[in-house]
Structure formats: C-alpha cells, structure tokens
> 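Got a structure for you, written out below as structure tokens; questions coming shortly.
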Amino acid sequence: QVQLVESGGGLVQPGGSLRLSCGASGFTFTSYAMSWYRQAPGKERELVAVISPVGGLRKYADSVKGRFTISRDNAKNTVYLEMNSLKPEDTAVYYCNAKSGLYDYWGQGTQVTVSS
C-alpha cells in the first residue's frame with residue numbers, strides 16, 4: 001500500500017523557519033521524482049519544489065527561490081522541505097507528491113501558517 005506521510009507543519013512567525021518531512025512507503029522510492037506542492041485557501045495547488053530520483057536536479061517556484069530547499073534521503077525513503085524566511089503568503093497546506101511515468105501519489109497534506 002502506497003503511503004506518503006507529511007509532518008513538520010505548524011504555526012510560525014514571519015521570518016521564521018520550518019522543516020517539512022515526507023516519509024514514503026509502498027513503492028520504489030529511488031525511481032520517483034519527489035515534489036512539494038502547496039494550496040492556499042481559494043487558490044489552485046501550485047508546485048513549490050521538485051527533486052529528481054537521485055537528487056541531482058532540483059527546481060523551485062520563483063516565489064520560494066533562495067528561501068526553500070528540497071532534499072531527499074533515499075536510505076530513509078524521505079523527502080524534506082527546509083523553509084526559511086517564511087512570509088505570510090507562504091501560508092498553505094503543503095502536499096508531498098511522488099511521480100514516475102503514469103504513477104502519481106499524494107500525501108494528505110500538512111498545514112503551514114505564517115502569522116504574528
């Protein structure tokens with residue numbers, strides 16, 4: 001059974017940091033590109049960052065470049081999103097995604113709220 005379980009969300013003040021984790025099971029983790037998406041209230045889900053199966057390639061949304069870092073530990077079947085200099089506009093539910101060809105899996109999401 002495929003599972004993606006996100007953790008690490010919460011309430012943080014503007015300028016603060018959070019580290020999201022996504023633990024994967026039920027599929028061959030090293031064959032999948034892993035991504036983080038987010039969806040704010042009333043907005044469409046958007047891609048935040050993606051990392052290639054072995055971690056050599058990373059891409060970021062322009063809105064998070066220089067502030068967020070995606071990484072993965074293939075030995076632990078886990079992908080991370082380090083978020084620094086957080087802004088109120090980063091408030092959203094953050095979702096983990098695994099994709100390989102026609103296979104596309106999603107986690108349940110974790111809430112990140114940036115507010116003073």
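Since we're looking at a predicted model, the values are computed, not measured.
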> Identify whether NZ of Lys or CZ of Arg in Arg45 sits under 6.0 Å from the centre of the six-membered ring of Tyr95 and within 45° of that ring's axis.
yes

> Tell me the closest heavy-atom pair linking Asn84 and Ser17, and the distance in Å.
OD1-OG, 2.8 Å

> Under a 3.5 Å cutoff, is there a donor and acceptor pairing between the side chains of Gln108 and Glu6?
yes

> Write down the atom of Trp36, the atom of Ile70, and the distance for their closest heavy-atom approach.
CD1-CD1, 3.7 Å

> How would you list all residue pairs meeting disulfide (SG to SG under 2.5 Å) that involve residues 63-98, not counting sequence neighbours?
Cys22-Cys96

> Looking at Tyr80, does the NZ or CZ of Arg19 lie under 6.0 angstrom from its six-membered ring centre and within 45 degrees of the ring axis?
yes

> Taking the six-membered ring for Trp, are Tyr37 and Trp106 closer than 6.0 Å centroid to centroid?
yes

> Would you say Val93 ends up clustered with Met34 if hydrophobic residues are merged whenever their side chains have heavy atoms under 4.5 Å apart, either directly or through other cluster members?
no

> Looking at OG of Ser116 and CG of Leu11, how far apart are the two atoms once the value is rounded to the nearest 0.5 Å?
9.5 Å

> Quick one: side chain to side chain contact (heavy atoms under 4.5 Å, CB included) partners of Val112, sequence neighbours excluded?
Leu18, Leu20, Met83, Tyr94, Val114

> Hey, what do you get for CZ (Arg38) to CG (Leu81), rounding to the nearest 0.5 Å?
9.5 Å

> Do Ile51 and Val79 touch side chain to side chain, with heavy atoms closer than 4.5 Å?
yes

> Is there a side-chain contact (heavy atoms from CB on, under 4.5 Å) between Val12 and Thr113? Walk through the geometry before answering.
CA-CA 6 Å; Val12 63; Thr113 302; over 6 Å; no

> State yes or no: are the ring centers of Phe68 and Tyr60 separated by less than 6.0 Å?
no

> Could you check whether Arg72 makes a cation-pi contact with Phe29, meaning its NZ or CZ is under 6.0 Å from the centre of the six-membered ring and within 45° of the ring axis?
yes

> Minimum heavy-atom separation for Ala33 to Val50, with atom names?
CB-CG2, 4.5 Å

> Is the shortest heavy-atom distance from the side chain of Pro88 to the side chain of Pro14 under 4.5 Å?
yes

> Calculate, to the nearest 0.5 Å, the distance between atoms OG and CZ belonging to Ser35 and Arg58 respectively.
13.0 Å

> What's the verdict on side-chain contact (heavy atoms from CB on, under 4.5 Å) for Asp90 and Arg67, showing C-alpha distance, side-chain angles and the deciding distance?
CA-CA 11 Å; Asp90 295 317; Arg67 300 188 298 121; 2.8 Å; yes

> Same hydrophobic cluster for Tyr103 and Leu4, using side-chain heavy-atom links shorter than 4.5 Å among ILVMFWY?
yes

> Ignoring hydrogens and geometry beyond distance, is a side-chain donor-acceptor pair present between Thr78 and Asp73 at under 3.5 Å?
no

> Hey, is the main chain of Leu57 close enough, under 3.5 Å, to the side chain of Ser52 for a donor-acceptor pair?
yes

> Over all heavy atoms of both residues, which pair between Ser100 and Ser31 is shortest? Give the atoms and the distance, please.
OG-O, 3.2 Å

> If I take atom CZ from residue Phe27 and atom CD from residue Gln1, how far apart are they, to the nearest 0.5 angstrom?
12.5 Å

> Using the rule that two of Ile, Leu, Val, Met, Phe, Trp, Tyr join whenever any of their side-chain heavy atoms come within less than 4.5 Å, decide whether Val2 and Tyr32 are in one cluster.
yes

> Does Asp62 have any salt bridge (Lys or Arg N to Asp or Glu O under 4.0 Å) partners at least two apart in sequence or in another chain, and if so, which?
Lys65

> Checking Thr91 against Glu89: is there a side-chain donor and acceptor pair closer than 3.5 Å?
no

> Does any N or O in the side chain of Asn97 come within less than 3.5 Å of the main-chain N or O of Tyr105, such that one atom is a donor and the other an acceptor?
yes

